[in-house]
Amino acid sequence: MHRRIIAPGALAAASLLLAIPASAASYSPGAPGIGDPYYPYYGNGGYDVSHYDLRLRYQPKTDELQGTATILARTTQDLSSFDLDFLLDVSEVRVNGAKAAFRHAEQHELVITPRTPLAKGTPVTVVVRYSGVPSTKSAYGFDTWHRTPDGAVAADEPEAAWWWFPSNDHPSDKATYDVSVAVPDGTQAISNGTLQSTRSERGWTRYSWRQNKPQATYLATLAIGRFDITTGTSERGVPVLNAYSRDLGDNDGAARASVERTGEIVDWLSDYFGPYPFASAGGYVPNTTTGYALETQTRVFYSPKQFAKGTNTSVVVHELAHQWYGDDVSLKGWKDIWLNEGFATYAQWLWSEHEGEGTAQELADYLYASHPADDPFWTVAPGDPGADDQFDDAVYDRGAAAIQALRDEVGDTAFFRILKGWPQSHAYGNASVADFERYAERVSGKPLAGLFDTWLYQRSKPVAGAARSFAAAGTAGEAVPRPKSWQKIEAAHGGHGR
């Protein structure tokens, strides 16, 4: 070891340098986007959120929303300013207790400049006071705030938060939530997680909900209206809360006959995916004109149209499967959407088998045979479909076929270990398609790069034999019978996105 000699004058100079804060030149604005190639300006750079506390007041008659959002975060760089994704009118912003300058920019950016720059690693408390009429706001030519005859609903993908709370709106920045909403007496407010309290005062009732597990912003939901609420517990002890608008009309019976099976289906899915990962389960069916369902965490959103043709347990299976694949383990980036939709669709294939309406293999065979080689269906790559095709049928159907091909390749024992182990290996975090590929290889002990490339990335129909048992009849030109469950499974696809 060489001892270093330092002259007294040099030591004093070094001490002085340590006492001087970093140059202001080292501070820079956080990026206005988190870096997702599909949606460059969604999310923001420079910080990571740990908790949202939302205290809201909503008047259904006028669609007026008032709110105070308290956001707990930690900086990931030296920040001179940072953005939140938000559309409503802001009256005040405070950062660590001090008033901060703010302005709206671009389509949906709220730019905040704190009084004092924030060093990397600093805990930050941001308070935003705001108000507005969400239904009057739009960005990029669309809106995701849905009025109903007795209130409103916030539920959409890949974005919905901008219309009701400021956020870092990207799945990679998950956080816990407290959502407290005051509404006129006789109206209810539904959100994620568990209901902590209900309190009435001077004609208003406040509902306070808590989501105690990390949740992506697009999975946060708010429903305000007049609901019939049912509660119960599954056989395995999962609390279930469901809500139905009181004016569903002819769709009411079919909606209840489907969604009231939530506890049963959660328990059934647990056999494949492992223990249910959250403190509650359930869904709600508001009186909306939208046509989709969405896996909003612990409290699934269903459109009445999902039940227009009768009971539809298949869509309930799809959305509840997302509680493991999509909610518990969330996307690293939107290009990883196969991890959500492929596995939720495959859960429907397993349910079809359970109900005696077609096996997973029969569904895979029918899919393979029903799309000829020149069908544009095969030009969408589920492993990276592109923003325009993010919710294309191929992401769901070819995505599920890829999972059946994996099952064929590794055998049932390894396959079901993968299916159950994956949510536990990345619980409450984020993962990519590449992460799943590595995990499947590790569990199965087999090289799988070629299989995943064929089914997830090649923009052509896999050749016969790409999966060991696929569609022998279809490749010979013979008709492959359509499984009874096919149409119901397909109907779930139209769900996501705007």
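S352 places a side-chain N or O within donor-acceptor distance of the main-chain N or O of G358, the cut-off being under 3.5 Å. Under the 3.5 Å distance criterion, the side-chain polar atoms of K305 are matched with a main-chain donor or acceptor of T289. Remark: side-chain polar atoms of E409 are not paired, donor with acceptor, to backbone N or O of P447 under 3.5 angstrom. Distance alone, capped at 3.5 Å, is enough to place a donor-acceptor pair between the D78 side chain and the K120 backbone. Between the N287 side chain and the S245 main chain, no donor and acceptor come within less than 3.5 Å of each other. With hydrogens and angles disregarded, a donor-acceptor distance shorter than 3.5 Å links the side chain of Y130 to the backbone of W164. In this structure a side-chain-to-backbone donor-acceptor pair under 3.5 Å is missing from D48 to T76. Not a single donor-acceptor pair under 3.5 Å links the side chain of Q306 to the backbone N or O of A492. Put simply, the side chain of Q107 gets close to the backbone of Y140: a donor and an acceptor are under 3.5 Å apart. Panel note: side chain T359, backbone E353; no donor-acceptor pair is recorded below 3.5 Å.
Residues passing the ring pair (Phe, Tyr, Trp, His ring centres under 6.0 Å) test with Y346 are W349, F415, sequence neighbours excluded. Considering only residues two or more places apart in sequence or on other chains, R256 meets the salt bridge (charged side-chain N to carboxylate O under 4.0 Å, His left out) condition with D228, D252. With sequence neighbours left out, the salt bridge (charged side-chain N to carboxylate O under 4.0 Å, His left out) criterion links D250 to no other residue. Scanning for side-chain hydrogen bond (donor to acceptor under 3.5 Å, both in side chains) contacts around D85 gives N44, H108, with sequence neighbours left out. The side chain to side chain contact (heavy atoms under 4.5 Å, CB included) check on D435 picks up K332, W422, H426, A431, S432, R438, with sequence neighbours excluded. Taking the salt bridge (charged side-chain N to carboxylate O under 4.0 Å, His left out) definition, one finds that E106 meets it with nothing, sequence neighbours left out. Under the side chain to side chain contact (heavy atoms under 4.5 Å, CB included) criterion, A160 pairs with T144, D156, not counting sequence neighbours. By the salt bridge (charged side-chain N to carboxylate O under 4.0 Å, His left out) test, R417 is found to be paired with no residue, residues two or more places apart in sequence or in another chain being considered. A152 meets the side chain to side chain contact (heavy atoms under 4.5 Å, CB included) test with Y58, D63, W145, R147; sequence neighbours excluded.
For residues 269-279, every residue pair satisfying the salt bridge (Lys or Arg N to Asp or Glu O under 4.0 Å) rule, not counting sequence neighbours, is listed here: R236-D271. The salt bridge (Lys or Arg N to Asp or Glu O under 4.0 Å) analysis of residues 308-317, with sequence neighbours excluded, yields no pairs.
In this structure, the separation between CG on L222 and OG1 on T296 is 11.0 Å, given to the nearest 0.5 Å. Annotation: the span from I337 atom CD1 to N340 atom CG amounts to 4.5 Å, rounded to 0.5 Å. Between atom CG of residue L331 and atom NZ of residue K174 there is a gap of 9.0 Å, rounded to the nearest 0.5 Å. Here S81 contributes atom OG and Y27 contributes atom OH; the two are 13.0 Å apart, rounded to the nearest 0.5 Å.
With contacts defined as side-chain heavy-atom distances shorter than 4.5 Å, the pair F307/L248 does not qualify. At least one side-chain heavy atom of E295 sits under 4.5 Å from a side-chain heavy atom of Y218. Contact of the D328 side chain with the F273 side chain is not registered, since no non-hydrogen atoms from C-beta on lie closer than 4.5 Å. A 4.5 Å side-chain heavy-atom check between Y244 and F227 finds every atom pair outside the cut-off. Residues S270 and P275 fail the side-chain proximity criterion, which asks for heavy atoms closer than 4.5 Å. L419 places a side-chain heavy atom less than 4.5 Å from the side chain of L350. Contact annotation: the side chain of K446 never approaches that of E441 to less than 4.5 Å [non-hydrogen atoms, C-beta and beyond]. Contact annotation: the side chain of Q361 never approaches that of R407 to less than 4.5 Å [non-hydrogen atoms, C-beta and beyond].
In the displayed structure, D388 atom CG is contacted under 6.0 Å by at most 12 heavy atoms of other residues, nucleotides or ligands. Within a 6.0 Å radius of CZ in F102, more than 12 heavy atoms belonging to other residues, nucleotides or ligands are found. The environment of CD in Q487 is sparse: at most 12 heavy-atom neighbours from other residues, nucleotides or ligands sit within 6.0 Å.
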(message) Between S258 and Y302, is the side chain to side chain donor-acceptor pair (under 3.5 Å) condition met? List the steps.
(response) CA-CA 11 Å; S258 306; Y302 299 100; over 6 Å; no

(request) May I have the step-by-step check of side chain to side chain donor-acceptor pair (under 3.5 Å) for Y42 and E159, ending in yes or no? (result) CA-CA 9 Å; Y42 286 24; E159 67 289 291; 2.7 Å; yes

(request) Verify side chain to side chain donor-acceptor pair (under 3.5 Å) between Y38 and D384, making sure each step is shown before the conclusion. (result) CA-CA 10 Å; Y38 283 17; D384 189 358; 2.5 Å; yes

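A cation-pi arrangement, defined by a distance under 6.0 Å to the six-membered ring centre and an angle within 45 degrees of its axis, is absent between K213 and F278.
Between the side chains of W163 and D143, not a single donor N or O lies within less than 3.5 Å of an accepting N or O. A donor atom on one side chain and an acceptor atom on the other are found under 3.5 Å apart for Q458 and D453. Side chains of Y276 and S234: a donor-acceptor N/O pair is absent below 3.5 angstrom, by distance only. Checking E341 against H318 by side-chain atom types alone, a donor-acceptor pair falls below 3.5 Å. Counting only N and O atoms by type, the side chains of Q390 and Y39 include a donor and acceptor under 3.5 Å apart. Defined by atom type and a distance below 3.5 Å, a donor-acceptor pair is present between the side-chain atoms of T217 and D169.
The shortest heavy-atom contact between P385 and V380 is CB-CG1, 3.9 Å. Of all heavy-atom pairs between Y47 and D83, the closest is OH-O, 2.6 Å. Here the closest heavy-atom approach between residue I418 and residue Y325 is recorded as O-OH, 4.0 Å. Taking each heavy atom of A360 and Q404 in turn, the nearest pair found is CB-OE1, 3.6 Å. The heavy-atom pair separating F391 from Y396 by the smallest distance is O-CE1, 3.6 Å. The two residues L54 and A69 make their nearest non-hydrogen contact at CD2-CB, 3.6 Å.
A salt bridge links D178 and R210; the closest N-O separation between the charged side-chain nitrogens and carboxylate oxygens is under 4.0 Å.
Taking the ring centroids of F436 and W338, they lie under the 6.0 Å cut-off.
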Listing, residues 371-379 side-chain donor-acceptor contacts under 3.5 Å, not counting sequence neighbours, or none:
from, atom 1, to, atom 2, distance (Å)
H371, ND1, D375, OD2, 2.8
D375, OD1, F377, N, 2.9
W378, NE1, H371, O, 3.0
W378, NE1, P372, O, 3.3
T379, OG1, P376, O, 2.6

